[in-house]
Amino acid sequence: MHVPDGFLDAPTSVATGLVAAGTVAVALRGARRELDERTAPLAGLTAAFVFAVQMMNFPVGAGTSGHLIGGALTAVLVGPWTAVLCMTVVLVVQAVLFADGGLTALGTNITLMGLVAVALAYGAFRLLVRLLPRTRTAVLAGAGVGAFVSVPAAALVFVGLFAVGGVADVSLGAVAATMGGIHLLIGLGEAAITVAVLSAVLAVRPDLVHGAAHLRRPADLAPRPLTAPAAGGAR
Amino acid sequence: MSRRNRGFLVAGVLLALLVAGVGSYYASSSPDGLEWSAEEEGFGHTAEDSAAADSPLADYAVSGVDDSRLSGGLAGVVGVAVTLALAGGLTLALRRRSGAPASAGDPGDAGATPVPAADRAC
């Protein structure tokens, strides 16, 4: 999904650069609320882990491959604002050191994978967690669905940018169909990896998972037996 | 940091190093979804070389190291280390200090306080 230099014209790249800069500025403020002594080191680890797993391209058939983006995984693990920062660091390191994704396209890549993928994944996750019973399975289901939708969504936003500032004169409908179709398949891989990693973390350290905070009972904070009749309808 | 947290972090970093340093050799080298779509739809040729294409780590290979397994593995390890340092440094600088009373003097706290102050100034 890393957009190289050249696909989009200069005005579009400048515009996505501004969107990316604004997003990061807001995330720098928002992340302060999510990060404390316990979660800050986890956020560093999450970024490093996403970098590593993004190297693991998996085959998607037809001579194509895909890799994890990590929008859902990071947002559920460390919170959406911190996720934006984690994804941004990964994308900057990839573009600057590894020439993976263009330099003038860095704003585009941060917009697609740092903003669109994270926002959509987290939105879908929150919605499902609200609708489903308050269980670990629901957290995993929400993360899996969020991961799945985030990939074709980011792909279609790229097509939208391409419609505005693509330098090649090709059929947009065909580009949308090809991009959307292949990224639906890659989205399945995204969901599988997200659910696998998240269930492993939930198994050993559920207390570190931002998106599972609602599963922790007040009893965890103030251990006192036999207080909650468990019938209370209050959320 | 509690011993439990430290254990989890060390295990996580080791896993990331293993994936990037060893596992990545076995990753698919087929074009990714975007590259493939660009070729299919006829705009692949509009891609330009990044200004970073001459980086000694470009395309996840260390220039001068011929063995592809070693070259890719080293590049992965460097990438994990740099990402961990940058993201870890940033999130540590942004974190809420346990400013609660009676947080029996954590020596790490005092030393790190100037960072967000400088951060806010700019």
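Below, chain A is the first sequence line, B the second, and so on; all start at residue 1.
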> Could you check which of Thr39(A), Val175(A), Asp169(A), Val167(A) has the highest count of heavy-atom pairs closer than 4.5 Å to chain B?
Val175(A)
> Looking only at heavy atoms, what is the nearest atom pair of Gly42(B) and Val170(A), with distance?
O-CG1, 3.9 Å
> Can any side-chain N or O of Asp32(B) pair as donor or acceptor with the backbone N or O of Met1(A) at less than 3.5 Å?
yes
> Determine, step by step, whether Phe49(A) and Val80(B) satisfy the side chain to side chain contact (heavy atoms under 4.5 Å, CB included) criterion, reporting the C-alpha distance in whole Å, the side-chain angles of both residues, the deciding distance to 0.1 Å, and the verdict.
CA-CA 7 Å; Phe49(A) 188 78; Val80(B) 166; over 6 Å; no
> Picking from Gly33(B), Ser55(B), Ala20(B), which has the most non-hydrogen pairs under 4.5 angstrom with chain A?
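Going by pairs under 4.5 Å, I would pick Gly33(B).
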> Check whether any side-chain N or O of Ser65(A) sits under 3.5 Å from a backbone N or O of Ser29(B) as a donor-acceptor pair, and report yes or no.
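Side chain of Ser65(A) to backbone of Ser29(B): no pair is present.
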> Given that the side chain runs from C-beta out, which part of Ala155(A) has a heavy atom under 4.5 Å from chain B: side chain, backbone, both or neither?
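Neither part, no heavy atoms under 4.5 Å.
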> Does the side chain of Arg96(B) come within less than 4.5 Å of Glu37(A)'s, by heavy atoms?
no
> Using a cut-off of under 4.5 Å on heavy-atom pairs, state which of Val50(A), Thr64(A), Val3(A) scores highest against chain B.
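Highest number of pairs under 4.5 Å: Thr64(A).
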> Side chains of Thr178(A) and Glu40(B): any donor to acceptor distance under 3.5 Å?
no
> Between the main-chain N or O of Ala40(A) and the side-chain N or O of Thr91(B), is there a donor-acceptor pair closer than 3.5 Å?
yes
> Donor-acceptor check, side chain of Arg95(B) to backbone of Arg32(A), threshold 3.5 angstrom: yes or no?
no
> Considering only heavy atoms, which portion of Asp54(B) lies under 4.5 Å from any heavy atom of chain A: side chain, backbone, both, or neither?
neither
> Measure the shortest side-chain to side-chain distance between Val60(A) and Trp36(B) over non-hydrogen atoms and say whether it is less than 4.5 angstrom.
no
> Tell me which of these, Ser37(B), Ser24(B), Ala51(B), Gly72(B), has more heavy-atom pairs under 4.5 Å with chain A than the rest.
Ser37(B)
> Let's go through Thr83(B) and Gln94(A) carefully: what are the C-alpha distance in whole Å and the side-chain angles of both, what is the deciding distance for side chain to side chain contact (heavy atoms under 4.5 Å, CB included) to 0.1 Å, and is it a yes or a no?
CA-CA 9 Å; Thr83(B) 307; Gln94(A) 288 169 332; over 6 Å; no
> Would you mind telling me which of Ala61(B), Ala16(B), Gly88(B), Ser2(B) has the largest number of heavy-atom pairs within less than 4.5 Å of chain A?
Ala16(B)
> Tell me which of these, Pro41(A), Ser171(A), Gly66(A), Ala31(A), has more heavy-atom pairs under 4.5 Å with chain B than the rest.
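Option with the greatest count: Pro41(A).
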> Quick one: does Leu90(B)'s side chain get under 4.5 Å of Leu28(A)'s, heavy atoms only?
yes
> At a heavy-atom distance under 4.5 Å, which candidate from Gly76(B), Gly44(B), Ala87(B) has the highest pair count against chain A?
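Among Gly76(B), Gly44(B), Ala87(B), the one with the most close pairs to chain A is Ala87(B).
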> Is it the backbone or the side chain of Leu208(A) that comes under 4.5 Å from a heavy atom of chain B, or both, or neither?
side chain
> I want to check something: taking the side chain as every heavy atom from C-beta on, are Ile182(A) and Leu34(B) in contact at a cut-off of under 4.5 Å?
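Counting from C-beta outward, Ile182(A) and Leu34(B) never come under 4.5 Å.
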> To the nearest 0.5 Å, how far apart are CG in Leu94(B) and CZ in Arg29(A)?
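Answer rounded to 0.5 Å: 11.0 Å.
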> Where do Gly63(A) and Ser30(B) come nearest, in terms of heavy atoms and distance?
O-CB, 3.3 Å
> Ring-plane angle category for Tyr60(B) and Phe98(A), please: parallel below 30°, perpendicular beyond 60°, tilted otherwise.
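Ring orientation of Tyr60(B) relative to Phe98(A): parallel.
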> When heavy-atom pairs shorter than 4.5 Å are enumerated against chain A, which of Leu9(B), Val13(B), Leu92(B) gives the highest number?
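The residue among Leu9(B), Val13(B), Leu92(B) with the greatest pair count is Leu9(B).
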> Taking all non-hydrogen atoms of both residues, which atom of Thr46(B) and which atom of Phe7(A) are closest, and how far apart?
OG1-CD1, 3.2 Å
> Which atoms form the tightest heavy-atom contact between Ser50(B) and Asp5(A), and what is the distance?
CA-OD2, 3.5 Å
> Go through the atoms of Ala75(B) and report whether side chain, backbone, both or neither lie under 4.5 Å from a heavy atom of chain A.
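Ala75(B) touches chain A through backbone and side-chain heavy atoms alike.
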> Under 4.5 Å heavy-atom distance to chain B, tell me which part of Val78(A) shows up: side chain, backbone, both or neither.
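When you check distances to chain B, no heavy atom of Val78(A) falls under 4.5 Å.
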> If you measure from CZ on Phe162(A) to CD on Glu41(B), what distance do you get to the nearest 0.5 Å?
9.5 Å
> Of all of Leu45(A), Ile186(A), Val93(A), Val151(A), which one pairs up most often with chain B through heavy atoms under 4.5 Å apart?
Leu45(A)
> Tell me the side-chain hydrogen bond (donor to acceptor under 3.5 Å, both in side chains) pairs involving residues 70-93 of chain A, sequence neighbours left out?
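Matches after skipping sequence neighbours: Glu34(A)-Thr82(A).
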> Does a side-chain heavy-atom distance below 4.5 Å link Val19(B) with Met55(A)?
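No, too far: nothing below the 4.5 Å cut-off.
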> Where do Ala168(A) and Phe43(B) come nearest, in terms of heavy atoms and distance?
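Closest approach of Ala168(A) to Phe43(B), heavy atoms only: CB-CB, 3.4 Å.
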